[in-house]
Amino acid sequence: MAYPESRVTPSSPPTDVVFDFCGVLLDWRCDACLRGHWPDDLVDRICADDDPYGFFEYEGRMDQGQDYARVLKDYETEFGADMARVFAYYIEHYADSLPRLIPGMEQLLRDLRERGIGVWGLTNWARETFPVAFEKFPVLAELLRGTVVSGRERVYKPQRAIYDLTVSRFRLDPARCLFLDDTPRNVEGARACGMMACVFTDASAARREMRLLGVDV
């Protein structure tokens, strides 16, 4: 379930909702890309919470704006050529790690737009792989009015600068924005810049949160 309240009591309902991508709009699964191409036990270790092969640390560097070529070279230096080939396969077949939209989210975007609510994206994502999201799910490009991508901007959640950039670029009033993200620290970052925000778990919980804030969806 979402946080029990968004910690901001609005004087008016939100006029805009800003969405994270992976874990909110898109189901992201590294294992879906790798399984069947690499041994199952290796895939399990790569996707483990302790991340022993550094996949998500190095992908995080790309999300922060570092070039893929540089990241791959550094990855090979630390983990060797064999693991670098696995990492390269993952990045180069990124579409396979996005098996579907999160259930109910396309309809939620449509319902918000029908009610005159602005819908926007804000994601920590590498500039090299982000285009895959709109290529595979063009409905997101159709429905979202704009998206800020950390790898393009070289600032990233939960840094204050990326929320301020989003508000400025899209001419939003942070006090009238609701931000949804599945990572608590990113939610706290949005609150720090004056936005309403809650931790996303599923579309139904997001609708309940919006109704509590006065949005009829």
Measure up the Phe134 and Phe130 rings against each other and bin them: parallel (under 30°), tilted (30 to 60°), perpendicular (over 60°).
->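 Ring orientation, 0 to 90° scale: perpendicular.
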Give the ring-plane orientation class for Trp125 versus Phe21, where under 30° counts as parallel, over 60° as perpendicular and anything between as tilted.
->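 Trp125 and Phe21: perpendicular rings.
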Around Asp50, counting heavy atoms of other residues, nucleotides and ligands shown, do more than 12 lie under 6.0 Å from its CG?
->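 Enclosed: over 12 neighbouring heavy atoms sit under 6.0 Å from CG of Asp50.
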Criterion side chain to side chain contact (heavy atoms under 4.5 Å, CB included) against Asp182, the qualifying member of Ile102, Val187, Asp202, Val24 |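 Among the candidates, only Val24 passes.
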Residue from Leu180, Leu172, Val119 passing side chain to side chain contact (heavy atoms under 4.5 Å, CB included) with Val18 |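 Answer to the side chain to side chain contact (heavy atoms under 4.5 Å, CB included) test with Val18 among Leu180, Leu172, Val119: Leu172.
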Once you round to the nearest 0.5 Å, how far does [atom1] of [X] lie from [atom2] of [Y]?
X: Leu143; Y: Met105; atom1: CG; atom2: CE; answer: 11.0 Å
X: Cys177; Y: Phe170; atom1: SG; atom2: CZ; answer: 10.5 Å
X: Arg35; Y: Asp96; atom1: CZ; atom2: CG; answer: 13.5 Å
X: Glu76; Y: Asp82; atom1: CD; atom2: CG; answer: 9.5 Å
X: Ile46; Y: Asp51; atom1: CD1; atom2: CG; answer: 9.0 Å
X: Leu109; Y: Leu140; atom1: CG; atom2: CG; answer: 7.0 Å

Between the main-chain N or O of [Y] and the side-chain N or O of [X], is there a donor-acceptor pair closer than 3.5 Å?
X: Tyr163; Y: Arg191; result: no
X: Arg115; Y: Asp111; result: yes
X: Asp20; Y: Thr123; result: no

Ion pair present between [X] and [Y], side-chain N to carboxylate O less than 4.0 angstrom?
X: Arg176; Y: Asp16; value: no
X: Arg85; Y: Glu92; value: no
X: Arg110; Y: Glu142; value: yes
X: Asp40; Y: Arg45; value: no

Group every Ile, Leu, Val, Met, Phe, Trp and Tyr by side-chain heavy-atom contacts under 4.5 Å, then state whether Tyr68 and Phe56 land in the same group.
->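 Linked, Tyr68 and Phe56 end up in one cluster.
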Are Val71 and Val149 in one and the same hydrophobic cluster, where Ile, Leu, Val, Met, Phe, Trp and Tyr link if side-chain heavy atoms are under 4.5 Å apart?
->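 Result: yes, single cluster for both.
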Minimum side-chain heavy-atom gap [X]-[Y] below 4.5 Å:
X: Tyr90; Y: Leu34; answer: yes
X: Leu122; Y: Phe179; answer: yes
X: Cys47; Y: Phe55; answer: no
X: Leu144; Y: Leu25; answer: yes
X: Leu98; Y: Arg29; answer: no
X: Met195; Y: Leu178; answer: no
X: Glu188; Y: Arg185; answer: no
X: Met62; Y: Glu128; answer: yes

Validation row, ring centre Tyr53 to ring centre Trp38 under 6.0 Å |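 No, too far apart.
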Can you give me the closest heavy-atom contact between [X] and [Y], atom names plus distance?
X: Ala95; Y: Lys136; value: O-NZ, 2.8 Å
X: Arg61; Y: Asp74; value: NH2-OD2, 2.5 Å
X: Pro131; Y: Arg152; value: CG-NH2, 4.4 Å
X: Met196; Y: Pro14; value: CE-CG, 3.6 Å
X: Met83; Y: Leu42; value: SD-CD1, 4.0 Å
X: Asp181; Y: Lys157; value: OD2-NZ, 2.8 Å

Does one side chain, of Glu59 or Tyr75, offer a donor that lies under 3.5 Å from an acceptor on the other?
->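 No pair is found: no donor N or O on one side chain lies under 3.5 Å from an acceptor on the other.
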How would you list, by chain and number, every residue that makes a salt bridge (charged side-chain N to carboxylate O under 4.0 Å, His left out) with Arg100, sequence neighbours excluded?
->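 Expected list: Asp27.
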With Glu78, which residues qualify under side chain to side chain contact (heavy atoms under 4.5 Å, CB included), at least two apart?
->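 Applying side chain to side chain contact (heavy atoms under 4.5 Å, CB included) to Glu78 gives Tyr58.
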